[in-house]
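First up is the structure itself, then whatever we jot down about it.
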Amino acid sequence: MTPVSPSVRDIERNAIDEAHLTNTTIRSLTWRGINVEKRSSLTDAQSTSILSMIDGYAEAGTLTALMGPSGSGKTTLLNVLAHRNPGTKLSVKGGVDVNGSTIPAADLQSISSYVEQEDALIGSLSVRETLDFAARLSLPSTVPSQERRRRVDQLLFAFGLQNQAHTIVGTPIRKGISGGQKRRLSIASQLITAPKILFLDEPTSGLDSKASYEVIRYLKSVVRKQRLIVIASIHQPSSATFDLFDNLLLLSAGLTCYNGPLPSIKPYFERRNLPMPLYINPAEFLLDLTSSDFSRDEVDAQRRLEKLHSAWRESSEAHAVSAAVAGPSSEKDVLIENKSRAPFFNVTLALLHRSFIKSYRDVVAYGIRFAMYIGLAIMMGTVWLRLPTTQSSIGPFTNAIFFGSAFMSFMAVAYVPAFLEDRTTFIKERANGLYGAAPFMIANFLIGLPYLFLISLVFSLITYFLNNFRPTAGAFFTWVMWLFLDLLAGESLVVLVSSIFPIFVVALALIAFANGLWMSVGGFLVSPEILNPFWRYVFHYIDYQAYVFRGMMVNEFGYRTYDCGKGCQCMYQSALASQCKIDGKAVLEEYGYRTGDTGKWVGIMLAIICVYRLMGWAVTHLRKT
Ligand SMILES: Nc1ncnc2c1ncn2[C@@H]1O[C@H](COP(=O)(O)OP(=O)(O)OP(=O)(O)O)[C@@H](O)[C@H]1O
């Protein structure tokens, strides 16, 4: 058995102060006349209703279940209550009040958290690290690190995760904690920000009944202790799990079928001649009642649903709910503490630290890419093996430079999955108000620098001398610099394209296309001197691969001579022809390149990289999903 850490023992001795988690200000969340319609692209008359006239309330210290068949509107309602965008082309009407008062969306978001259906956990972090980073990303600098650790311990204990504190969450190749523990961890990492209201979308999806029960049981104990308001959509809980909830809001086809405390469900349906059988799971009974999707007789099922809807509308229970939420809504009486955010610098540092841990623990994210580049280096080194400095090598040297510059940049597509994964985590964390696009983009850029430099260095160490490029230290490090800038630009393009089109296959196809374009107009396949004006003026000058190719060409040919070989038939005419040699500058002239422009080209490369990154930031800032 894993030993219990002293800090956890402290907690067990009830030496904990949970004041920061306890809700003393928010008494209730109410919602009135929520209507959501899907707008037709043609006419308003063709709009279809997703939610209609939904009233309800939840009080501090209660756990409300949002149930209904698939497509009944649970997630949509949860999004409306949390002031999240429920989707494009949807029009939302109705009001959501806190303590009976209307508050701005930003205030509601600052006192609430939303746990999405899919866990947004980073597989290579341990359970404790996950909570610690959640704390570092959300807590203001006024909370000292000792206090932060204490809060982490508290949550580990509250969610029964203290024995898994040092186990990793789990990656595709390394088994970590169980599905139920993951869900508990997702909830705990939201609670570290001390929300007063917690929205959970299917907190038990994908779990067996025992794990589901555990998740809701832990949640219930925290809700009771901390006086939180929790609203959770749930699919088909077991009887034991269902019994843990205080209230139920039952939806079907976007309308209410029941809304009230659990003990009143049975009498409510009995009074409508729908008695609940004795030995049946109440949740199953309710879902059977409200589901029409798989009915043999659709007309009959529709009629049954309409009866349920009108029974609720006309019931005294519905009138009581409407009366309870209809009270005048004022602008005062809500004490929203101004939740201070973690400072920009601390957030960026925490994101860098988190990415660093991921980079050395997650083989899929970084290790595989590294191995791929090494394989490529060995292949390139041995294909163009020890080229002699004769004119017959000028072609192969040029080809090797093209291959090295173009293919390395092309292979940046391998970064797409890792970037999209990081972006998904960011989108979820931003939606919960943790941090914005700037720290994410800065951390993403900075963590890539040493890694890309290492790849450039190792790749060059293998290929440069095996190929027999110009053997001086200066030439070697200039080559490393060009490769590094090449990879940096390639990765910046991946960041930009994947931010605009965050769909794996689409991003992959577009980046491959862009690389094909850069290769075609880069100057190797068609010399810039004869490239037609459209491609030359529209694309050639913004093609980063073109500058890498030029830089590497100048690095090799600008300062080296080649023997013309037997018969002294020199392929390129230069001042050294009389010595039966070719001055490499003659090769450069063919392409229109010359020495002395390296500084300018490096400047252009840096500008291209900056533009890609800034555009990537702007898109990420504006695009919310
Ligand atoms: N952005 C949107 N645009 C168009 N239709 C939408 C949008 N969001 C939801 N809907 C529709 O609204 C209905 C309710 O969807 P919602 O996701 O809220 O249901 P749910 O009860 O959460 O379903 P499930 O249990 O399967 O997750 C569905 O018919 C869905 O197709």
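Counting convention: from 1, in listed order, for ligands and their atoms alike. Quantities reported herein were computed from a predicted structural model and do not represent experimental measurements. Nothing fancy with the numbering, it's 1 onward along the sequence.
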Considering only protein heavy atoms, which is closest to [atom], and at what distance to one decimal place?
atom: atom 16 (P) of ligand 1; result: Thr76 OG1, 3.6 Å
atom: atom 6 (C) of ligand 1; result: Ile50 CD1, 3.7 Å
atom: atom 26 (O) of ligand 1; result: Ser70 OG, 2.5 Å
atom: atom 7 (C) of ligand 1; result: Leu90 CD1, 3.9 Å
atom: atom 14 (C) of ligand 1; result: Gly71 O, 3.4 Å
atom: atom 5 (N) of ligand 1; result: Lys38 CD, 3.3 Å
atom: atom 17 (O) of ligand 1; result: Thr75 CB, 3.8 Å

Gln117, any N or O under 3.5 Å of ligand 1 N or O =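 Not met; the criterion fails.
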
Quick one: does Gly73 get within less than 4.0 Å of ligand 1, heavy atoms only?
->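 Heavy atoms of Gly73 do come under 4.0 Å of ligand 1.
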
For the residue pair Phe242 and Phe245, categorise the inter-ring angle as parallel (less than 30°), tilted (30 to 60°) or perpendicular (more than 60°).
->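 Rings of Phe242 and Phe245: tilted, 30 to 60°.
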
Greater than 12 external heavy atoms within 6.0 Å of Phe513's CZ =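 No - once you tally the heavy atoms of other residues, nucleotides and ligands closer than 6.0 Å, there are 12 at most.
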
Just do the side chain to side chain contact (heavy atoms under 4.5 Å, CB included) check on Val495 and Tyr612 with the steps written out, would you?
-> CA-CA 8 Å; Val495 168; Tyr612 281 164; over 6 Å; no

Any donor-acceptor N/O pair, Asn444 side chain to Asp422 backbone, under 3.5 Å |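 Not at all, since once roles are kept as given, no pair shorter than 3.5 Å links the two residues.
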
With a 4.0 Å heavy-atom cut-off (strictly under), which part of Leu251 contacts ligand 1: side chain, backbone, both or neither?
->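 Near ligand 1, Leu251 shows nothing, with every heavy atom at 4.0 Å or more.
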
Would you mind telling me if ligand 1 is within reach of the side chain of Lys74, the backbone, both or neither, using heavy atoms under 4.0 Å?
->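 Both the backbone and the side chain of Lys74 come within reach of ligand 1.
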
Step by step, would you call Phe426 with Tyr435 a ring pair (Phe, Tyr, Trp, His ring centres under 6.0 Å)?
-> CA-CA 8 Å; Phe426 159 70; Tyr435 56 92; 5.7 Å; yes

Could any protein non-hydrogen atom be found less than 4.0 Å from atom 30 (C) of ligand 1?
->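 So atom 30 (C) of ligand 1 lacks protein heavy-atom neighbours under 4.0 Å.
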
Could you tell me whether atom 21 (O) of ligand 1 has a protein heavy atom closer than 4.0 Å?
->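 Protein heavy atom within 4.0 Å of atom 21 (O) of ligand 1: present.
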
Heavy-atom contacts with Ser72 under 4.0 Å: which atoms of ligand 1 show up? List them by number with element.
->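 Result: 19 (O), 21 (O).
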
Heavy-atom contacts with Glu202 under 4.0 Å: which atoms of ligand 1 show up? List them by number with element.
->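 In order of number, 25 (O).
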
Testing the 3.5 Å rule here: is there a donor-acceptor pair between the side chains of [X] and [Y]?
X: Ser209; Y: Ser212; value: no
X: Glu317; Y: Tyr268; value: no
X: Thr62; Y: Glu59; value: no

